[in-house]
Amino acid sequence: MFNHFPLSLHSGDHNHKTATRFDPGWGPGSKVHTNRIPTELPHPASRTSHGPNKKNKKRKKNTEEGTMIFWSLLSAISAAASGGTGSNTTAVRVLLDLDIYPNARCLDGSAGLLYLRRGWGSGADVWNLFQEGGGSCHSMSDCAHRATTTQGSSTPWPATIDLEGKGPYFALDNVTSPLLWNANVAYLVYCDGGAFSGDNTSLSLAGTPIHFRGQAILRAAIATLAASGGRGLDSATAITISGCSEGGVATFAHLDWMAALVKRAAPGATVAGLADSGFYPGDGSPFSHVPMQQFLYEAQNASGCLSPRCVAANAATPWGCLVAETNHEYLRTPIFALQSVFDTNQLSTAGCKNSSCAVPYMSYLNASVVEFATAPGRATGGFIDLCSRHCNTEPTIDGYTSLQAYAEWFRGLSSAATPPRRAWLQRTTKPFNAHAPYCASCCNAVDDSERKELTTTTATASLHVAAAFAAATTSGCATDATCPFPQRCCGTSAKAENCPPPLPFAHDSPCVLPGTTGATRCSCVESKCSTPEYDARNASRKQWLMIGDSISDGCLGPSKTLAASHDIQLEHNPTNAANVWWGAHCLDAWLADAARWDVISYQFGLHDLALDNERLEPSTTYATYLTNITKRIAAAAPQAKLLWVTTTPVPLGIDGYCNKTNGEGGCPPRAQKDPPIYNAAAQLAIAKSGVPGVTTLDLNAVVTNKCGAKYTLCPENCSATKVNGKWVGNCYQIPHNVHYLAVGWTELSAAYVNAVLPLVQ
């Protein structure tokens, strides 16, 4: 996608007919005369000498008649090519009329173009507007060279192309593609070099103009399709705006803008995006694809088609709004992603040649795209696979093809009920924390030996990867880890009161696999994110939202009492915020009433550093998610003061200790050395967010000032025991535990309130 050179990842794997494959679309098979088919609008080279800015006196008079004749002939040609049924893979070229749309030009100034295959039967009023891919140019010389190729000019393109083999989106199979199989297809040829996003004609190189007019091409294409008369785009009932590779990037980048154009033409249509291989990491990630978009944004003037809210929220790097991870949260139009976690283009662009690079990249990409697909309260979805691919080849997940999954999700958009399913995640039969997923037979993957090298690592995987890809059975589940995120393993026995939801990822499961001794039948159920409580009687008080794990939750009671004495109402996010991945997943629900809060404190770390499948690496995944969370809190509640709270210490000796006999102990194991590492990573992550004025409460220092930098018991030789469910003794912290006795909770709570007081005054 982001590499500007043509690259075929599947060369030789299809029977090309009238066009030659280039990544990820089609190029011309041979040059043809522009007047080969009388039904297409004349190429500008065959026009008389009048330029696009001169008036043609006859044009206005004859436009409507000529348009109707053109579309009638085109429909006849399409029907003839398909044997009268339309059930053929041939699509006919349509050159955009520069007399009517003078700015709709490729890089070299030739007319923009599309290829049309008319729909039939149940698909007569269904449309697939597909944006071709093929990288982008990143400098003037790069774009000038591209203008001499099929990716920058319409001149060489043939009169027809064959859509067969171009991807599942064009399959003539009502089983594998129940929504789009017989739809109208407008294949939008990519010849502007800037993801259909540019709007600038003032640039030239060595005196030769270079036209960055992707926006004008899309406007003209939609207007042309809507002006067809009869059953054109204006009669559509269902419209998919799609694309692969750079076309998938474009789908994310300007979906709302393009949807507004098609809704003007077809106001009664259901419109959604379908982006294949277009979800790239955004700014703030260790694998960011944002910097290379600066040229496209600035030189090509891409701002006009991007989300204004995204551009405003990313004022320092607005070109980040061309990248899916950055822009998707601002989209209002429903969108569904087809995305491989092992996207070969992304790994190649990032320079990943071994598992030390590929596995962290894959882990991050998976976490980000799953978060997008399952975001609460949004019309998003995804088909997320493990194939070594970039566009085209996809597996079957849970018996669904990618287009079957899209059709089911799309149908839910027009239903009064919630869509029946939003995410399809490919799983493996091996625990992910032992081996990365490897599934050659289910993907027909290219570069299979390389992928095997990349994925046979024995490194411990992060929680988000384990949760998304861990093995699951259709007959039941054993633990939360055997359910796809964000579902939980819940039973129907007396233990079911533990679920939902004591913890999003419980260490002790109430269930065992069906058929084993003492079995309790359990199943995966959706784990919901709840909104914080609100006592309207205290609305006049200053409002404080506390987000955090069991440490902040343990401080809640004493802090609430102390805060109330200062006329502050305190609420905590429901249950346990766990690690930053769960926090990012639930953040929208926790901030549902964002305008209410005067102060928002947030704390993560003890779950992120746990030596189990919750662990997130501090300098990469943990830091990236914390940056994201900080930005989202600030954007949702700009009036609130933000208070970051450091991770509290871990006593020595619980890295291998896990005593569950009394329901406590050091479970899960943690290492004493980790909190300072995660706290340092957190400070860098918050600084990287660019959010000004975030205050830090060093709760770690509160404890170490009392107990020392390294300790086993605090104070030394103290003792404590549990009586009637309550810890008593002379210890500050529960022995072999990260939690505290009453004296500890009281001191930590006082530190919390003392940090909040200056923020509300």
Side-chain angles (χ1 to χ4, degrees), residues 1-11 16 18-32 34 43-45 91 93-96 104-115 130-159 161 163 166-167 186-201 203 205 208-218 220-221 243-251 253 276-278 292-293 295-296 299-300 302 322 345 348-349 390-392:
M1 161 250 161
F2 285 102
N3 52 321
H4 59 266
F5 49 86
L7 171 68
S8 175
L9 296 173
H10 305 280
S11 58
H16 306 307
T18 59
T20 302
R21 178 69 177 274
F22 65 91
D23 181 35
W26 295 79
S30 60
K31 292 186 178 182
V32 297
T34 58
H43 191 279
R93 180 177 58 189
V94 178
L95 288 169
L96 301 175
R105 297 175 180 270
C106 300
L107 285 170
D108 69 339
S110 60
L113 73 158
L114 61 89
Y115 285 84
F130 182 84
Q131 299 165 97
E132 184 185 42
S136 59
C137 51
H138 300 291
S139 68
M140 289 300 295
S141 59
D142 188 12
C143 295
H145 171 72
R146 189 179 177 109
T148 66
T149 72
T150 58
Q151 294 180 309
S153 174
S154 62
T155 303
W157 281 85
I161 61 172
L163 297 177
K166 286 203 57 182
Y187 184 87
L188 305 169
V189 173
Y190 178 34
C191 65
D192 69 288
F196 295 92
S197 300
D199 188 24
N200 194 346
T201 57
L203 301 180
L205 185 67
T208 301
I210 300 178
H211 300 263
F212 297 126
R213 286 296 196 178
Q215 292 182 38
I217 289 173
L218 290 181
C244 189
S245 189
E246 196 74 12
V249 171
T251 301
D276 188 0
S277 303
M292 64 186 72
Q293 299 307 299
F295 174 82
L296 195 162
Q300 300 199 25
L322 287 156
N345 180 270
S348 174
T349 304
H390 183 69
C391 298
N392 270 356

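We're numbering straight along the sequence, starting at 1.
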Shortest non-hydrogen contact from [X] toward [Y]:
X: Asp192; Y: Phe212; value: O-CD2, 4.0 Å
X: Ala299; Y: Asn200; value: O-ND2, 2.8 Å
X: Glu246; Y: Ala195; value: OE2-CB, 3.4 Å
X: Phe196; Y: Ala250; value: CD1-CB, 4.4 Å
X: Ala111; Y: Cys106; value: O-SG, 3.6 Å
X: Gly134; Y: Ser245; value: N-OG, 4.4 Å

May I ask you to test the [X]-[Y] pair for a side-chain heavy-atom distance under 4.5 Å?
X: Ile161; Y: Leu163; answer: yes
X: Cys191; Y: Trp157; answer: no
X: Leu95; Y: Ser154; answer: yes
X: Leu218; Y: Leu188; answer: yes
X: Asp199; Y: Arg213; answer: yes

Kindly indicate, with the supporting measurements, whether the criterion side-chain hydrogen bond (donor to acceptor under 3.5 Å, both in side chains) is fulfilled by Gln300 and Ser197. CA-CA 8 Å; Gln300 300 199 25; Ser197 300; over 6 Å; no
Kindly compute the distance separating [atom1] ([X]) from [atom2] ([Y]), expressed to the nearest 0.5 Å.
X: Cys244; Y: Glu132; atom1: SG; atom2: CD; value: 10.5 Å
X: Met140; Y: Ile210; atom1: CE; atom2: CD1; value: 3.5 Å
X: Leu114; Y: Leu96; atom1: CG; atom2: CG; value: 5.5 Å

Tyr190 side chain vs Gly214 backbone, donor-acceptor pair below 3.5 Å: no
Do Arg146 side-chain atoms and Gln151 backbone N/O form a donor-acceptor pair below 3.5 Å? yes
